[in-house]
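Okay, so here's the structure we're looking at.
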2 protein chains.
Amino acid sequence: MQRKQHVVSGEEQALRLAGLRVTPQRLAIMRYMMGSKAHPSPEMVYGHLKPDFPGLSPNTVYQTLHSLEEAGLLRRISMEDNVYRYDANVEPHAHLVCRLCGRVDDTNGALEPLLHELLSKGSATTSWDILAMDCCFYGYCNDCRERAQTLQNEEREE
Amino acid sequence: MQRKQHVVSGEEQALRLAGLRVTPQRLAIMRYMMGSKAHPSPEMVYGHLKPDFPGLSPNTVYQTLHSLEEAGLLRRISMEDNVYRYDANVEPHAHLVCRLCGRVDDTNGALEPLLHELLSKGSATTSWDILAMDCCFYGYCNDCRERAQTLQNEEREE
DNA sequence: TACTACTTAGTAATCATTACTATGTCAATA
DNA sequence: TATTGACATAGTAATGATTACTAAGTAGTA
């Protein structure tokens, strides 16, 4: 029992469900965000899409990411260097941030029970209304560990 | 057995121990930071000291906070609004951040065991070199809860 | 007391982000 | 399938926090 119908991508469906208009730019941003584990910054999104959308404006990227965040499709995270990053995984989880290259990874799932406990205990032991929790580990990723050592030694010599 | 000696404040001692020169500006910044539980931003420090130091430059505040951080006397924290805050409590602990007024409090000490566990487990379950952890709870403080409700209702009506 | 390196103040530059506005386009309706 | 009104985009300008640069000043040591 097949019926002729046009194919609706998951991204398109998600946008419509959120009450947002579907445009080529938004679809492309959604697709990139959903497919990336790099927690892209607005600049990274812009740089990635610019070749396919020569007319793309950074402004559009900022606004779109903001709309998607408001719709609950993305989560904005902030880190030590004060540049925003966006995460298509909106479930609570912690991040690993490399202080040299800026890479952002998700932490191992093994931490999740602890994070849940922390959030519930945090909410329970304060009189504030808690809406969200953010947890970041800072250090050096495997690619930067060696370079970090070298830099530290140089500093010591000065 | 009293001896004549000039009085050395704790702040002065801390600066000398860290190998930093003691200047009036630095002493004042130290004193303010050590005495505050508000996790002041550079702008707050500047605003607080400007009356006493009319010639003070924002630049000096930025540089001094940075030096004190490098010396391990302060800890720089970053939050959702991408404005730096500094904390004279360098022991690991989490923060409560109000999304309306920007107030930053320390969390209840009851969370500390969990935070330690999180840090050690986080370090153990990744191959990265972990140097630090930051944990923030976002929500509304007691003073802003009501206003937050009002704002949300207004949004819904639009 | 004199010297040297570190600090400061002041200005200019940078960077990410937001504001503003005219043009363009999606999608609901007739 | 045309029309139309609201939303989206692009482009430029503005903002705000932070950093860079430089000349003048000062702390601490010999």
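Lettering follows sequence order; numbering is per chain, from 1. Just so it is clear, the structure is predicted and the values come from calculations on it, not from any experiment.
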- [ ] Look at the side chain of A:S36 and the backbone N and O of A:Y32, then say whether any donor-acceptor pair between them is shorter than 3.5 Å.
- [x] no

Whether [X] contacts [N] is assessed here as follows: a side-chain N or O lying under 4.0 Å from the phosphate OP1 or OP2. Is that the case?
| X | N | value |
| --- | --- | --- |
| A:T60 | D:dA10 | yes |
| A:Q25 | C:dT25 | no |
| A:Q63 | D:dA10 | no |
| A:T23 | D:dC7 | no |
| A:T64 | D:dA8 | no |

Task: Whole-Å distance separating the CD atom of A:E43 from the C1' atom of C:dT17 - done: 12 Å

Task: d(CG, A:L27; C1', D:dT9) in whole Å - done: 15 Å

- [ ] Verify whether one side chain among A:H95 and A:D134 offers a donor that lies under 3.5 Å from an acceptor in the other.
- [x] no

Open item on the list: Please determine whether any donor N or O and acceptor N or O are separated by less than 3.5 Å between the side chain of A:R26 and the base of D:dA8.
Closed with: no

Task: Side chain A:R21 and base C:dA27 donor-acceptor under 3.5 Å - done: no

Open item on the list: Is there a side-chain contact between B:R26 and B:L20 in this structure, where contact means two heavy atoms from C-beta onward sitting under 4.5 Å apart?
Closed with: yes

Task: Closest to the B:Y62 side chain, choosing from C:dT8, D:dG28, D:dA17 - done: D:dA17

TODO: Answer yes or no: does atom NE2 of A:H93 have more than 12 heavy-atom neighbours from other residues, nucleotides or ligands under 6.0 Å?
DONE: yes

